[in-house]
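First up is the structure itself, then whatever we jot down about it.
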Amino acid sequence: MDSIDLEKLLTKVEKPARYIGQEWNMIKKSDYNYRFALCFPDVYEIGMSHMGSRILYHTINMLDGVYCERCYTPWTDMEKALRDADLPLYTMETKSPLKDFDIVGFSLLYEMCYTNILTMLDLSGIPFLAKDRSESDPILLAGGPCTVNPEPVADIFDVICIGDGEELDNEVILMARQCKKEGLNKKETLRRLASIEGVYIPSLYNVHTENGKYLETVPAQEGVPARVSRRILKDIDSAPYIGNQVVPNMSIIHDRVAVEVMRGCSRGCRFCQAGYIYRPVRERNEETLLKQAHDLVACTGYDEVSLLSLSTGDYSHLKTLLPKIIDSMLEKRVSVSLPSLRIDSDLREELEKMQSIRKGGLTFAPEAGTQRLRDVINKNVTEEDLLRAVRDAFEAGWAGVKLYFMIGLPTETDEDIQGIADLARKVSQCYYSVPKEKRGQGFRLTVSASTFVPKPWTAFQWCGQCTLDEIRRKQQVLRTAMKGVRGAELHCHPSMLSVLEAVFSRGDRRLTSVLIDAYRNGCRFDSWAEHFKPEEWENAFEKNGLTMDEYAYRQRALEETLPWSVIDAVVTDSYLKHEWKKALEGKTTKDCREGCNGCFGEKCENYCSISKR
Amino acid sequence: MDALVKNVRIIAAFQKDKDISYISHLDVQRTLQRAFRRADLPLAYTNGYNPHPKLSFATALATGFSSAAEFVDIEFEREIEPDIFLERVNEMLPCGIHFVKAFVADSSLDTLSKLLSSAKYSISFNWEGEVSKTQVEEALQTIMTSTEVVVSKKTKSGIKPTNIRPDILEAHVVDLADESFGIELTGKLTAAGGLRIETFLNALYEKIGVSGFASVHRSGMYFIGSDLLPRLS
């Protein structure tokens, strides 16, 4: 792109630093024969905060002769500026249009960013549907957690990578490059890529329906796997991490060094998709983490290190790692943060140490208000755990606590809603019971109640979502119950967004045309309240003869074939059914570190080290 | 902190090229702090819960402007040679930001923002219509010979007519390398305020009757009260 063209665009938009690249540690290459565009369907400051993209940026660029460049969704002002100037969307590194790349890959982190994929394709002159694209168009690839049900976007992508990407993506890229060298066309290339474990090629499957109702997905040719198995990176400790982390020129959401202490979570919360689809738990060694943290701080200049995972409090060596890492960072004035602390983590001493450098808020997620409901969702945390943890925090000088809950969980009654307020009241009382000279000043208790969205590959994948009207009523019950809780602030917003999220989470291929129509109606950045246009989404559903209700609210039968059954997320169908039955009986399942629960069935032996203990 | 340990003060100037000019003043601050940390320089930190390096700028640079010399005042815990500082920090800066000079300053010297008096700018244009060099020369002449150039300025209490003429110290047309022409402008710039380039350009466009897209480069910054800092001759 011409620098004067770019300059004119940048004067018209807010936060122009989103669009200039040039960051410290940005990878520069001049000798390459294959190009990969790593696209994130959200704005720069969100995309740049995503750890998975950082990993792939590093691992793909480790390949000789392959140049991986980054691209993000332009904010609406930049989208308009590009359209007005008739200029294509471009990558950060070489300012090249996406059409110039061999592969354009998207990370699908949440369903509500799907319209942003279309914005990026549209601004690049790339047709939305795989069947409409020509040989000269790039291969379109998708990866990330949403691909465990890829069906709503299956007609858009040529290749969908299921599971851990660090080995899988490179295998795909190398094979695709080989195909290009051999002069194979796209169809032949895709056919060959289908042989890689974890690769789903939607065009090689037929979807059977009856009166518009989904029946099954079957291979359209011989030699295509009936089910695509999720890729699992077995040895995370020796796997490459993120190399030299790119340091943005502007403030981003997670503006710090993040080391991934482990992947997966052993708790088995029944609502949590991440808990199921990142199994098994794989930890990095303490020494590896200390070295990574040290190297990353040195090469970035950041003053904060975050220990990242789904549940860092469960990391086996946390008790020894934390003091070591805090001490090693103290001299450099680097603070250490834990983004996801379990309520039952016994870390009082470390909490006090962390506070001596910098003080932030503490977040706890009891998820449900009563023990009964917490047993249903298998959130194995008790009221005593929570109150002990907050007391420790208050006594260590913390004054800000956030509590996360969900509303609309299966089997929930008004008693459970009342329980949320009761718990909040007890936390508040706990703060005021700590002597004034001991506790921190300015008590803030934030209670946040989001709407439960049933997700595929969880024990609740068959559940009908609680209707929006019922959610509104429950929120009113909560608001009333929360009155008089000292220092508490309640955040709960009824939103069609959670209904739409439920629709796309468990949707099928019919939704692709709805998505395209919604985009044409102006839907963009749907997860941003200021941009969300529920009425345009409704119009798009109506135009396609579909309703959101049938996708979101319908209770699926256990015998039904679900649209994502073409994917094998390794956790077995029978295990999920068993968990669902136990949920209804209010029976909990133990943390799998205490012994294998057999969630992988026959595959336990091969994939999970816990099962061998 | 040990009262006997005296912090060392270095005043340094960096250039900000066009291609990185779209990062804001706050972003530049963060970028410099991180570069200093990567270079492992013995920065002095403020006390308190959120210690941050002691770093103060003469003034901010508008997002989108490039500059030949932005002045910054940095405190270190112990002595560091200005040349070593330059060498080490320049290795650690992203493309487009580069320190050009540095010297040790006495602790008694006032802050840069208090000493700042004026700045010089080179401005090139992409005109929206046909504009001749003579037209611009005449417009500048009119501005420079008037005692008042009144523009409407947005303030907290609404739009207010303001005379910007006293803030314009010097302005003339210059020939540029690509056979076009631009403007060299010197304006007052102090902690209390000074000439806003946008305001000046709007006044100029109004006089000419044609608007343009201006590319602004701060070519110099001038101070009072110290021989170490550049003065307006």
Side-chain angles (χ1 to χ4, degrees), chain A residues 1-26 28 44-45 78 93 95 244-252 255-257 295-304 329-335 354-360 397 440, chain B residues 16-54 62-66 77 88-97 124-126 128 178 180 198 201 211-217:
Chain A
M1 174 166 314
D2 228 349
S3 60
I4 185 74
D5 284 343
L6 187 56
E7 205 185 322
K8 278 186 184 167
L9 289 180
L10 295 179
T11 54
K12 289 179 191 155
V13 299
E14 63 172 75
K15 299 190 184 175
R18 283 167 172 164
Y19 311 109
I20 61 170
Q22 302 269 18
E23 306 96 329
W24 180 253
N25 288 336
M26 178 186 95
K28 289 174 192 163
Y44 177 85
E45 53 267 44
M78 184 62 165
E93 279 72 10
K95 312 278 184 290
N244 291 339
Q245 183 175 336
V246 178
V247 184
N249 286 321
M250 64 179 284
S251 181
I252 61 169
D255 215 356
R256 59 186 75 95
V257 161
D295 292 351
L296 284 167
V297 163
C299 80
T300 59
Y302 271 120
D303 58 4
E304 187 182 349
M329 295 291 161
L330 202 58
E331 193 205 359
K332 298 182 196 124
R333 291 186 169 84
V334 175
S335 66
M354 284 167 61
Q355 200 215 349
S356 67
I357 317 180
R358 197 164 295 184
K359 188 161 64 170
Chain B
K16 190 182 179 196
D17 297 343
K18 195 78 229 175
D19 47 1
I20 207 156
S21 67
Y22 288 96
I23 77 170
S24 72
H25 181 62
L26 205 66
D27 295 334
V28 170
Q29 261 176 300
R30 262 192 295 261
T31 299
L32 292 189
Q33 285 177 17
R34 285 172 191 161
F36 294 161
R37 296 175 63 93
R38 291 194 288 266
D40 207 12
L41 297 170
L43 292 169
Y45 283 79
T46 58
N47 295 319
Y49 272 129
N50 281 309
H52 54 267
K54 291 186 176 175
T63 306
F65 289 13
S66 56
E77 283 181 333
R88 279 170 55 184
V89 79
N90 278 336
E91 267 177 31
M92 291 295 163
L93 277 166
C95 200
I97 298 184
S124 59
F125 297 92
N126 250 313
E128 278 169 16
D178 61 351
S180 67
E198 265 174 45
L201 289 173
S211 280
F213 172 77
S215 197
V216 185
H217 176 71

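The model shown is predicted, which means the values in this text are computed figures rather than measured ones. Chain letters run A, B, ... following the sequence lines, proteins first, then strands; residues in each count from 1.
Using a 4.5 Å cut-off on side-chain heavy atoms (C-beta onward), B:Phe36 and B:Val89 make contact. Annotation: side chain of B:Phe125 is in contact with side chain of B:Leu201 (closest heavy-atom distance under 4.5 Å).
Between chain A and the options B:Gln33, B:Lys18, B:Arg37, the largest number of non-hydrogen pairs under 4.5 Å is found for B:Arg37. For the set A:Ser251, A:Gly21, A:Pro248, the entry with the most heavy-atom pairs within less than 4.5 Å of chain B is A:Ser251. Note: B:Asp27 leads B:Asp27, B:Leu43, B:Ile20 in heavy-atom pairs under 4.5 Å with chain A.
Heavy-atom distances place the side chain of B:Thr63, and not its backbone, under 4.5 Å from chain A. Using a 4.5 Å cut-off between heavy atoms, B:Asp19 touches chain A through backbone and side chain atoms alike. Of the two parts of B:Ser24, neither the backbone nor the side chain holds a non-hydrogen atom closer than 4.5 Å to a non-hydrogen atom of chain A. Using a 4.5 Å cut-off between heavy atoms, A:Leu10 contacts chain B through both its backbone and its side chain. Heavy-atom distances place no part of B:Leu26 under 4.5 Å from chain A, backbone and side chain included.
Partner of A:Val247 under the side-chain contact (heavy atoms from CB on, under 4.5 Å) criterion, out of A:Val257, A:Thr300, A:Ile252: A:Thr300 alone.
Within a 6.0 Å radius of CD in A:Glu14, more than 12 heavy atoms belonging to other residues, nucleotides or ligands are found.
To the nearest 0.5 Å, atom CD of residue B:Glu198 and atom CZ of residue B:Phe65 are 6.0 Å apart.
Salt-bridge check for B:Arg34 with A:Asp255: passed, with a basic side-chain N closer than 4.0 Å to an acidic carboxylate O.
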